[in-house]
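The chains referred to below are lettered A, B, ... by the order of the sequence lines, with proteins before strands, and numbering in each begins at 1.
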Protein chains: 2
Amino acid sequence: MAGKVAERRAALRENLVLIAERTIADHGLTALRARDLASEAGCAVGAIYNVFGDLTDLVLTVNARTFHRLGVDVTEALADAPQDPVEQLVVMAQAYHRFAAENHQSWRALFDVERAPGEAAPDWYLEEMGRLFTYISAPLAVIFPDRDSQEHALLTRALFSSVHGIVLLGLDEASAGVPSDDIDRMIALVLRQLAVSQE
Amino acid sequence: MAGKVAERRAALRENLVLIAERTIADHGLTALRARDLASEAGCAVGAIYNVFGDLTDLVLTVNARTFHRLGVDVTEALADAPQDPVEQLVVMAQAYHRFAAENHQSWRALFDVERAPGEAAPDWYLEEMGRLFTYISAPLAVIFPDRDSQEHALLTRALFSSVHGIVLLGLDEASAGVPSDDIDRMIALVLRQLAVSQE
DNA sequence: CCCTCAGTTGAACGTGGTTCAGTTATAGGA
DNA sequence: TCCTATAACTGAACCACGTTCAACTGAGGG
C-alpha cells in the first residue's frame with residue numbers, strides 16, 4: 001500500500017481548500033475558523049497544521065485559485081472583445097468589475113490577507129498579475145504607438161490600479177451603494193478618455 | 001468640586017486618543033491592544049470602555065482626526081496650485097499620495113477598520129469625503145463645461161477612486177516597491193490624459 | 001460621620017489560532 | 001505474518017486578545 005499516507009494527505013488538503021473556499025465565498029474571510037474547518041472536514045484541528053503551515057497558508061492557496069479564476073474570466077472576456085483596443089480595455093475592466101461583484105467576498109480576501117511584513121508576494125501572485133498586465137499592455141501599445149515601453153509599463157500599472165480603485169470603492173458599502181451600472185460607466189469614462197486624444 | 005469627574009473623563013479620553021494615534025502611526029492598526037493602551041495610559045482596561053464603546057470606536061475617533069489632517073493637507077496644496085484646472089487635480093492627487101506615504105499606517109487604518117456589516121459610514125467620513133469631492137469637482141467643471149452635473153459627479157468619483165487605487169497599489173509592499181516618483185508619474189499620466197482632448 | 005452611588009478596577013470569560021505529548025496507523029524488513 | 005521505527009493524527013491545553021462585571025473606592029449630600 002505505497003503512498004496511502006500521501007494520498008490521504010492530498011485528499012485532506014483538497015477537502016480543506018474546498019471548504020475554506022466555500023466558507024470565504026459565502027461568509028467572508030473573517031468567518032474562517034480552524035475549529036469549524038476541522039469539524040466540517042471531519043478531522044482534528046491539529047491535522048490542518050500537518051497540511052498547511054497556518055491558516056494564512058490555506059487562505060493564500062484559496063486566493064491563488066480565486067486569482068486564477070479571475071484571470072480566466074478576463075481572458076474569456078477579451079476573447080469576445082471587439083478589435084478596437086480601447087474597447088478591449090473597457091471589456092477587460094468590466095470583466096474585472098463583474099468578477100469582483102459576483103465573487104465579492106472571495107475577491108476581498110485577495111487583499112485582506114495580512115501578509116507578514118517583509119514577506120515577498122507569492123509567485124502565483126506575480127505570475128497572474130504579469131499575465132493581466134500583458135493583456136492591458138497590448139492594447140495600450142496600439143493606442144500609444146509613439147510612447148516607449150517604460151511609459152507603457154507605467155500606464156499599464158496606472159490603468160490597472162485605477163480600475164481596481166473604482167471597483168474597490170464602488171463595491172465598498174461605506175460608499176453607500178454605487179449602482180453597478182455607474183461603476184461600469186466610471187470605468188468607461190476613464191478608459192475612453194484615453195482614446196479621445198488619439199482619434 | 002462639580003464636574004471633576006467629567007474633567008478626568010475628558011482627560012483620559014484625550015490621552016487614549018493620543019496614545020492610540022501614536023501607536024497606529026508607529027506600528028499600525030494591528031499593534032493596538034487594549035492592555036497596552038491601558039498600561040500606557042495608566043488606567044485599567046475597563047476604564048477604556050467607560051470612555052469608548054469598544055476599541056473600534058477609539059480607532060474611528062483616531063481615523064476622523066487622520067481624515068481631517070488629510071483634508072487640510074489637500075486644501076493647502078490646492079491653495080498653492082496654479083490656475084490650470086488639470087494641474088490643480090494633479091497637485092491635489094499628489095498631495096493625497098504624499099499624505100498616504102508619510103502617514104502610511106494611519107492612512108491604512110482609515111480603510112482597515114472593520115465596519116460592522118450594515119453599519120452606515122459615520123458622518124465625519126461622509127462630510128470630509130464630500131469636501132474632497134467638491135475640490136475635485138470644481139476643476140472638472142472647468143475642464144468639461146459641456147457635461148452635465150451627473151456626469152461631473154461620476155467623473156469626480158471615478159478620478160478619486162483612480163488616484164486612490166494608484167496610491168493604494170503603489171504603496172502596497174506586495175507590488176514590491178513602486179518608486180514614489182513613479183506613483184506621481186502615474187497620477188499625472190492619468191489626470192493629464194483628461195485634458196488632452198480639451199485643448 | 002455615614003450613606004449612596006457613579007466611577008474605577010482587574011480578574012475572569014469567551015473566542016480564536018497554534019502547539020505538542022500521547023496515541024494510532026503505516027511501511028518495510030525479518 | 002509479525003515487529004518495529006517512523007510518521008501522522010488527536011484534542012486538550014496554551015496563549016493572546018477584546019470585552020465584561022462583581023467588587024471596591026471615594027466624592028458629595030444629609
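For the salt bridge (charged side-chain N to carboxylate O under 4.0 Å, His left out) test, residues two or more places apart in sequence or in another chain that qualify with A:Asp36 are A:Arg33. Judged as a side-chain hydrogen bond (donor to acceptor under 3.5 Å, both in side chains), and not counting sequence neighbours, the contacts of B:Thr75 are B:Tyr135. Residues satisfying the salt bridge (charged side-chain N to carboxylate O under 4.0 Å, His left out) criterion with B:Glu14, sequence neighbours excluded, are absent altogether.
In this entry the distance linking CD1 of B:Ile48 with C1' of C:dG10 reads 12 Å, nearest Å. Between the P atom of C:dT8 and the CZ atom of B:Phe52 lies a distance of 14 Å, rounded to the nearest Å. The CZ atom of B:Arg9 sits 17 Å away from the P atom of D:dA27 (whole-angstrom rounding). Atom P of nucleotide D:dT6 and atom CG of A:Asn50 are separated by 18 Å, given to the nearest angstrom.
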Donor-acceptor pairs under 3.5 Å, side chain of residues 97-104 of chain B to any protein atom, not counting sequence neighbours: which ones?
residue: B:His97; atom: ND1; partner: B:Asp184; partner atom: OD1; Å: 2.8
residue: B:Asn103; atom: OD1; partner: B:Arg69; partner atom: NH1; Å: 3.1
residue: B:Asn103; atom: ND2; partner: B:Phe99; partner atom: O; Å: 2.9

Expected string for nucleotides 16-25 of chain D under the B/S/- scheme (protein heavy atoms, under 4.0 Å, primed atoms plus P, OP1, OP2 as sugar-phosphate) is -BBBB-----
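Sorted by first and then second residue, the ring pair (Phe, Tyr, Trp, His ring centres under 6.0 Å) pairs involving residues 29-88 of chain A (not counting sequence neighbours) are A:Phe67-A:Tyr125.
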Show, in sequence, the C-alpha distance, side-chain angles and deciding distance for B:Glu87 and B:Arg192, and conclude whether the salt bridge (Lys or Arg N to Asp or Glu O under 4.0 Å) test is met.
CA-CA 8 Å; B:Glu87 289 315 301; B:Arg192 295 224 173 91; 2.8 Å; yes
